[in-house]
Trainee: 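Encoded as structure tokens, here's the structure I'll be asking about.
By convention in this document, chain letters (A, B, ...) are assigned in the order of the sequence lines, proteins followed by strands, and residues within each chain are numbered from 1.
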4 protein chains.
Amino acid sequence: MTSETSRPGRQRLAPEVRRRQVLDAAVAVFSEEGFHGASMDAVAARAGVSKPLVYVHGGSKDELFAACLHREADRLLDAVQSAAGAPGEAPLVRLRRALRAFFHALTTQRAGWTVLYRQASTGPFAGEVDALRRRIVEEAADLMADGLGVPRAVALPYAHTLVGAAEGLADWWLGDPDAAGDGVAEPADVLADMLLAVVGPGIEALTNGSSGSIASSSSVSGER
Amino acid sequence: MTSETSRPGRQRLAPEVRRRQVLDAAVAVFSEEGFHGASMDAVAARAGVSKPLVYVHGGSKDELFAACLHREADRLLDAVQSAAGAPGEAPLVRLRRALRAFFHALTTQRAGWTVLYRQASTGPFAGEVDALRRRIVEEAADLMADGLGVPRAVALPYAHTLVGAAEGLADWWLGDPDAAGDGVAEPADVLADMLLAVVGPGIEALTNGSSGSIASSSSVSGER
Amino acid sequence: MTSETSRPGRQRLAPEVRRRQVLDAAVAVFSEEGFHGASMDAVAARAGVSKPLVYVHGGSKDELFAACLHREADRLLDAVQSAAGAPGEAPLVRLRRALRAFFHALTTQRAGWTVLYRQASTGPFAGEVDALRRRIVEEAADLMADGLGVPRAVALPYAHTLVGAAEGLADWWLGDPDAAGDGVAEPADVLADMLLAVVGPGIEALTNGSSGSIASSSSVSGER
Amino acid sequence: MTSETSRPGRQRLAPEVRRRQVLDAAVAVFSEEGFHGASMDAVAARAGVSKPLVYVHGGSKDELFAACLHREADRLLDAVQSAAGAPGEAPLVRLRRALRAFFHALTTQRAGWTVLYRQASTGPFAGEVDALRRRIVEEAADLMADGLGVPRAVALPYAHTLVGAAEGLADWWLGDPDAAGDGVAEPADVLADMLLAVVGPGIEALTNGSSGSIASSSSVSGER
DNA sequence: TATGAATGAGACTTCATTCAT
DNA sequence: AATGAATGAAGTCTCATTCAT
């Protein structure tokens, strides 16, 4: 037996490399098939390794899925946070950058986003997913509270609204990637601008209204 | 112990009653566990009937899921459409009524909404789910196109944004029901007004801008 | 409510008529699907009655199948026995008539034959079927012992051979009904003659040989 | 207790060994219970392995059954064909050797024969079973056509008769193994000779008759 | 370390059988 | 007498997980 890699299937790799291999495959498969629909066989095949190795590096199916969730959520949050920058800058500029980063991250992490937002909100990971989502919403709430000069408790529902709106827009775009973009700017930037066009004026108007009577500041409150 | 339902087993019921029992249970279970995660055993247990009865009244798991999808989508769409009223009325009034009906439906049909919108759009029902989702969003797009005087294709992404924002707000509220509502008006109405406060000004502003330069109508387009 | 049969599904019939209805349907279904493959639903549907009625008139599935076996075996044996006639007549003439009756019975009782010989020889009714077959073989053994003037114990294996040969021929014919028959005589008669052409000379020759050395009377015993 | 097979569970075997184990068990169970009556549980238990292993090595129930059919048919046909030898030899000698091989195979492959010949020829395997049966009977028909100097189409019903007769004789013998055999020769050889004693003279006589008037060559054609 | 081989548990589905009308 | 409605039990098949090499 020579010292060369005599059998290609038995290639020894550094543990962290193998772990990333497995996680990448898992994210891909989970995003395509959902948690229950995905099989460990499929993950192993996608990673190009044997099934026991998936267990060695990824743990049980539940653990593997949780690891996917966390890694993808961390990536997303990191991207948004670092784009938002320090609290000193103009708040709406920070929001704009954060939104652009958010939509941009979807382009490069589409599978991760799907795992986080389309597959896992039901089933045994609802709680885990909710906690991860909360981290994102709270980042948005911080930005808005800072920008509007209102208490965080007041900003919270608007943050949920904003994040929900972003999700809705993102889903539409991911379902039909050619529909957005004018061919000049980055699609992610276009999406961020579309979103701001819808919610920007409303958010600005909120700065002038008292927290309790926000609804009455709407221009469509004529009825009843 | 009353004289009613002396023995739970072997109760003869009219077929349509049983069918609704089964469908209700199925919607509940599917919404909690997802399609793959839900078991026919769980549906039967939730409905309080035996498993074969689920097959008699709901057909196979696929058929049962499809039936759930269609019933819930029809219910939701009916509620929103009848609330929106005829096209002759003032557009923003129609939108307001539609939104109120939408939030109202979300609170009474939470599970149905979850089945429709929080399920994997991958798998064997992708087409079906997409078609049903489209019907709902397109109703919103019709309203907005009518109200804004813009082509439907332009209104579509804003409709997705609007629906997503409504979801985000509803999720927040359903997770903490005491947080919204002033104790006077219906919570659903309060939510509708909050949403309009955020998106109303932006939507109005869109009426003046051309589709391509929507983003530039935002007051935060200073950067870059 | 008049005294007329207001509902056609609730027609009261004499028990023996119903029983025959059910048995006929059962024979048909069992012959087509086999014991395990046949469902009580199918039997009920074929009989044009409801399933509980099948249980009332036919008993459990096992009992129903046993009843089918016995009725069909009795019919077959009756036909053969009455054709064979009394022991006084010329033995080979009796055999010939019996064989013709046998093949003729297959034409009119094809389903019954299938149930008896093609479906039931495996499974939980093997013993029952064997007993019924034995009755037929023993009828043949009686005929042969009588005709050849040999003890019944000696005739028995030849009776098995004869019945097996008849089965083989019958199976072939039933699988391809157009293959037999010259267009003039009854197909059943042609089959009987074919069988006699094969086994007749051998049986006659056995009359002259001793029981122990039958094999040596063969003209092909040259080897070894 | 020897040192062998210390623990029955979790034994690693070569795939081809396991596959034969599974097939053997399947043939046994199918022959005893029929296709519908046999359960995969029973096959697994008979093979002494777990149920998933049956699926790994045998595929679905349909595939497993088909594999049984083919293996047993091949075995049987191989045995008979190699015993029959080349066409150049004396026809009746070939027939004799083939019959001996046939009876020998019946005694060592009883279950396989049962699977092939005592199963419902209805159901999803009708075509497959018929084709395999035909191969065996046609081998006999070839031998007979060769030996008698008649066209194969003429020989075919006689081949069915011959095979049926062999089955009848074999059934009788296998039901009462002490009844046949003189204690000197192989029982299978004795059975072959008994069969030839019955059908040999008839077959020889057929050589002189034309196909249409075979029946009239019988010595019992006096009636009608 | 890495894997081929094996299995316990559970899912979907159907069927024989029986109650309540 | 007759039936629509209902269910316990069993069957096929898959999957997460682990042993033995």
Trainee: Using a heavy-atom cut-off of 4.0 Å across all strands, would you classify C:Pro15 as base, sugar-phosphate, or nothing?
Mentor: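 Result for C:Pro15 = nothing.
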Trainee: Once Watson-Crick and G-U wobble pairs under 3.5 Å are found, how is DNA chain F written in dot-bracket notation, 5' to 3', with | for any base paired to another strand?
Mentor: .||||||||||||||||||||
Trainee: Quick one: does any side-chain atom of D:Glu128 pair with a main-chain N or O of D:Phe125 as donor and acceptor, under 3.5 Å?
Mentor: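 Not confirmed, D:Glu128 side chain does not pair with D:Phe125 backbone.
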Trainee: Within 45° of the axis and under 6.0 Å from the centre of the six-membered ring of D:Phe35, does NZ or CZ of D:Lys61 qualify?
Mentor: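 D:Lys61 over D:Phe35 ring: yes.
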Trainee: Which nucleotide sits closest to the side chain of A:Val49: E:dT3, F:dA2, E:dA16?
Mentor: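 Taking heavy atoms from C-beta onward, the closest nucleotide is E:dT3.
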Trainee: Any chance you could measure D:Leu116, atom CG, to D:Arg133, atom CZ, to the nearest 0.5 Å?
Mentor: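 Going from the CG atom of D:Leu116 to the CZ atom of D:Arg133 covers 7.5 Å.
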Trainee: Does a side-chain N or O from B:His57 land closer than 4.0 Å to OP1 or OP2 of F:dA6, or not?
Mentor: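 It does, given that an N or O in the side chain of B:His57 lies less than 4.0 Å from OP1 or OP2 of F:dA6.
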Trainee: When you check the phosphate oxygens OP1 and OP2 of E:dA16, does a side-chain N or O of C:His36 lie under 4.0 Å from one of them?
Mentor: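 No, because none of the side-chain N or O atoms of C:His36 sits under 4.0 Å from OP1 or OP2 of E:dA16.
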Trainee: Can you tell me how far P of E:dC15 sits from CZ of C:Phe35, to the nearest Å?
Mentor: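 That distance rounds to 14 Å.
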Trainee: At under 4.0 Å between heavy atoms, what does D:Ala38 touch on the DNA or RNA strands: base, sugar-phosphate, or nothing?
Mentor: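 Sugar-phosphate, backbone atoms only, no base.
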Trainee: Supply the atom-to-atom distance B:Phe30 CZ to B:Thr114 OG1, rounded to the nearest 0.5 angstrom.
Mentor: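 Going from CZ on B:Phe30 over to OG1 on B:Thr114, the span is 13.5 Å.
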Trainee: Starting from the C-alpha separation in whole Å, work towards a yes-or-no answer on salt bridge (charged side-chain N to carboxylate O under 4.0 Å, His left out) for B:Glu72 and B:Arg75.
Mentor: CA-CA 5 Å; B:Glu72 297 302 318; B:Arg75 278 189 182 175; 3.8 Å; yes
Trainee: Starting from C1' on E:dT21, measure out to CZ on B:Arg12 and report it in whole angstrom.
Mentor: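 So the CZ-C1' distance, B:Arg12 to E:dT21, works out to 5 Å.
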Trainee: On DNA chain F, nearest-nucleotide positions of C:Gly48 versus B:Leu13: which is more 5'?
Mentor: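 On the 5' side of the pair lies C:Gly48.
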Trainee: What is the distance, to the nearest angstrom, from the CZ atom on B:Arg19 to the P atom on F:dA5?
Mentor: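 Those two atoms, CZ and P, are 14 Å apart.
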Trainee: C:Pro52 has a side chain; which of F:dC15, E:dT17, E:dC19 sits nearest to it?
Mentor: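 Among F:dC15, E:dT17, E:dC19, the one nearest the side chain of C:Pro52 is E:dC19.
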Trainee: Assess whether atom CZ of C:Arg19 is packed by more than 12 heavy atoms of other residues, nucleotides or ligands within 6.0 Å.
Mentor: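 No - once you tally the heavy atoms of other residues, nucleotides and ligands closer than 6.0 Å, there are 12 at most.
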Trainee: How many Å lie between CG on B:Leu53 and P on F:dT7, as a whole number?
Mentor: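 After rounding, the gap between these two atoms is 5 Å.
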Trainee: From CG of A:Asp41 over to P of F:dT17, roughly how many Å is that when rounded to an integer?
Mentor: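 Value for this atom pair: 12 Å.
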Trainee: Nearest whole Å is fine: how far is E:dC15 C1' from C:Leu64 CG?
Mentor: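 So the CG-C1' distance, C:Leu64 to E:dC15, works out to 15 Å.
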Trainee: So with a 6.0 Å cut-off around CZ of B:Arg20, is the heavy-atom count from everything else above 12?
Mentor: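 Counting neighbours around CZ of B:Arg20, 12 or fewer heavy atoms of other residues, nucleotides or ligands fall under 6.0 Å, so no.
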Trainee: Hey, which sits more toward the 5' end of DNA chain E by its nearest nucleotide, C:Gly59 or B:Gly59?
Mentor: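 It is B:Gly59, whose closest nucleotide lies nearer the 5' terminus.
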Trainee: Under 4.0 Å from OP1 or OP2 of E:dT1: is there any side-chain N or O of A:Arg18 that close?
Mentor: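 So the side-chain polar atoms of A:Arg18 never come under 4.0 Å of the phosphate oxygens OP1 or OP2 of E:dT1.
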Trainee: Using whole Å, report how far NZ of A:Lys51 lies from C1' of F:dT14.
Mentor: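 So the two atoms are 10 Å apart, to the nearest Å.
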Trainee: Specify the separation, in whole Å, of atom OH of C:Tyr55 and atom C1' of F:dG4.
Mentor: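 To the nearest whole Å, that distance equals 15 Å.
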